[in-house]
Protein chains: 2
Amino acid sequence: MADSEEAYLQIGEVAERTGVTQRTLRFYEEKGLLRPPTRMDGGFRLYCEDDVRRVKHVRRLQDLLGLTLAEIKDMVEAEEMLRELKAQYRPDADVSEKKRQLRKAIDVVTHQHNIVSQKAEQMSEMKTQLDERLRTFSRWMTELERVERKAPVA
Amino acid sequence: MADSEEAYLQIGEVAERTGVTQRTLRFYEEKGLLRPPTRMDGGFRLYCEDDVRRVKHVRRLQDLLGLTLAEIKDMVEAEEMLRELKAQYRPDADVSEKKRQLRKAIDVVTHQHNIVSQKAEQMSEMKTQLDERLRTFSRWMTELERVERKAPVA
DNA sequence: CATAACCTTGACGTAGGGGTAAAGCGTGGC
DNA sequence: GCCACGCTTTACCCCTACGTCAAGGTTATG
């Protein structure tokens, strides 16, 4: 322990910190949404902080946007490509390929942005309706209580 | 035809108008989310306008709020109770029971309101992040194009 | 070294449907 | 009256995204 600077995490801790189950983590790995983590000698999975972020990201795309894991996989792969692109500090290597990858990432993010915008709008619509109903119910409740005072329990 | 004033709908038309499949409509019925519709002599289902509204409502709760069908069932049942309550025009009958039902409906709507509010907030957070990323990507793209002009294809 | 606490793979179950088959209804044309 | 054609019926298996054991291996601790 304290072998390298990196604090490695076992699956239980990752599960706790991300709010998903261990089963889900193994499932994501199986489906290619999480890169296979390194293992201890005994076979235990060892995750890093980046994996935690990745899981949280996947969950947001699922919960907020309602995307399927297949769609999410495409997205995180495009985003991963982008990260590699950033890491490549050779400034001259194949610019057109870089442009292609960047364009792909832009497409993905734009798509996400469109979905968020649309859903956000529907949400605010729904919120308005719910507000209205709550006010109506509140009036009814007041009315019921008024009736109750005028004619107490039979 | 033109027998009664009510325009009854077959499953195909309901499917088209709600955007769900016929399979889904039968599934919802099976799960108790839709009250079993009346049938023609031959067994064909006959829906009414109210059923259409109901399906759309269920879908909003699913897509926007991400609720399970079991949760949604509870909600629509509470809302149904409320509609019956509204229809009972005997103003004196069992006020405390009415209050109980109304309170239940208020709970349901409040719950939905909470979820919407929470999700809406997360959405706007995500939207901000996506905006930021899009701007960054746009800068990178500009930079790549600048590099390309200075050193054309090798 | 024993024991608890953690982890492994594997298999089966469940929710929310999709697809398709094989059959039955309904209605207009002749 | 009968046929063709489209719509509907139930029934069955397939899929995704996991939940839930079961049976056993690993690691940390006294």
Side-chain angles (χ1 to χ4, degrees), chain A residues 1-3 7-34 36-48 51-52 54-76, chain B residues 1-3 7-48 51-52 54-77:
Chain A
M1 49 217 76
D3 192 354
Y8 282 97
L9 307 161
Q10 284 186 210
I11 196 169
E13 202 165 343
V14 175
E16 199 173 338
R17 286 182 44 186
T18 57
V20 308
T21 66
Q22 304 185 9
R23 177 70 177 82
T24 298
L25 292 173
R26 296 191 191 102
F27 184 72
Y28 285 176
E29 179 183 340
E30 191 184 327
K31 291 297 171 181
L33 277 117
L34 246 47
T38 57
R39 305 268 190 146
M40 296 168 55
D41 285 1
F44 287 20
R45 287 171 178 78
L46 285 178
Y47 296 92
C48 62
D51 293 323
V52 174
R54 184 100 158 221
V55 173
K56 287 182 178 173
H57 184 203
V58 168
R59 287 264 100 179
R60 268 207 315 280
L61 294 178
Q62 254 193 304
D63 298 345
L64 254 56
L65 305 195
L67 304 174
T68 68
L69 293 191
E71 294 169 322
I72 295 174
K73 190 188 172 193
D74 289 349
M75 292 187 173
V76 295
Chain B
M1 48 218 73
D3 194 355
Y8 282 97
L9 307 161
Q10 284 187 211
I11 196 168
E13 202 164 344
V14 175
E16 200 174 337
R17 286 183 44 187
T18 56
V20 308
T21 65
Q22 305 184 8
R23 177 72 179 77
T24 299
L25 291 173
R26 298 192 190 101
F27 183 72
Y28 284 176
E29 178 184 341
E30 192 184 326
K31 290 298 172 181
L33 277 117
L34 248 44
R35 125 247 107 169
T38 58
R39 304 268 189 145
M40 297 167 56
D41 285 2
F44 287 19
R45 288 171 177 78
L46 285 178
Y47 297 93
C48 62
D51 292 323
V52 174
R54 185 99 156 223
V55 172
K56 287 181 179 174
H57 184 204
V58 168
R59 286 264 101 179
R60 268 207 314 280
L61 294 178
Q62 251 193 306
D63 297 344
L64 253 57
L65 305 195
L67 304 174
T68 69
L69 292 190
E71 293 169 321
I72 294 174
K73 190 187 172 192
D74 290 348
M75 292 186 174
V76 296
E77 275 171 1

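Letters A, B, ... are given to chains in the order of the sequence lines, protein chains preceding strands, and every chain is numbered from 1. Values in this document were obtained by computation on a predicted structure and should not be read as measured data.
- Taking the side chain of A/Tyr28 as heavy atoms from C-beta on, and the options D/dC18, D/dC7, D/dT9, the nearest nucleotide is D/dC18.
- Here B/Arg45 does not reach the OP1 or OP2 of D/dT8: none of its side-chain N or O atoms lies under 4.0 Å away.
- Summarising the geometry, the separation between CD on A/Glu29 and P on C/dT8 is reported as 9 Å, rounded to the nearest angstrom.
- Side-chain atoms of A/Thr24 do not come within 3.5 Å of backbone N or O of A/Val20 as any donor-acceptor pair.
- Rounded to whole Å, the distance from CG on A/Asp41 to C1' on C/dT8 is 15 Å.
- To the nearest angstrom, P of D/dA28 lies 13 Å from CD of A/Glu13.
- Between C/dG18 and B/Thr21, a contact under 4.0 Å exists linking OP1 or OP2 to a side-chain N or O.
- Of the two residues near DNA chain C, B/Leu67 and A/Gln22, the one whose nearest nucleotide lies more 5' is A/Gln22.
- The shortest distance between the side-chain N/O atoms of B/Arg23 and the OP1/OP2 oxygens of D/dT8 is not below 4.0 Å.
- Checked by distance alone, A/Arg26 brings no side-chain donor or acceptor within 3.5 Å of a matching partner on the base of C/dT8.
- Neither OP1 nor OP2 of C/dG24 sits under 4.0 Å from any side-chain N or O of B/Arg39.
- If you check D/dT26, D/dT9, C/dG26 against the side chain of A/Phe44, the one that comes closest is D/dT26.
- Residue A/Met40 contributes atom CE, which lies 18 Å from atom P of C/dA5 at whole-angstrom precision.
- At whole-Å resolution of the value, CD in B/Gln62 and P in C/dA15 are 14 Å apart.
- Remark: C1' of C/dG17 and CG of B/Leu69 are 9 Å apart, rounded to the nearest angstrom.
- Close to D/dA17, at under 4.0 Å from its OP1 or OP2, lies no side-chain N or O of A/Thr24.
- Around CD of A/Glu16, the count of heavy atoms belonging to other residues, nucleotides or ligands within 6.0 Å does not exceed 12.
- Side-chain nitrogen and oxygen atoms of A/Gln10 include at least one within less than 4.0 Å of the OP1 or OP2 phosphate oxygen of C/dC7.
- Following rounding to the nearest Å, A/Leu25 (CG) and D/dG19 (C1') show an atom-to-atom distance of 14 Å.
- Between B/Arg35 and B/Glu29 there is no salt bridge, since no side-chain nitrogen of the basic residue lies less than 4.0 Å from a carboxylate oxygen of the acidic one.
- Using a 4.5 Å heavy-atom cutoff, the side chains of B/Phe44 and B/Gln10 are in contact.
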*Given side-chain contact (heavy atoms from CB on, under 4.5 Å), test B/Gln62 with B/Leu67 step by step and report yes or no.*
CA-CA 5 Å; B/Gln62 251 193 306; B/Leu67 304 174; over 6 Å; no
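- Taking atom CZ on A/Phe27 and atom C1' on C/dG10, their separation rounds to 15 Å, with Å as the unit.
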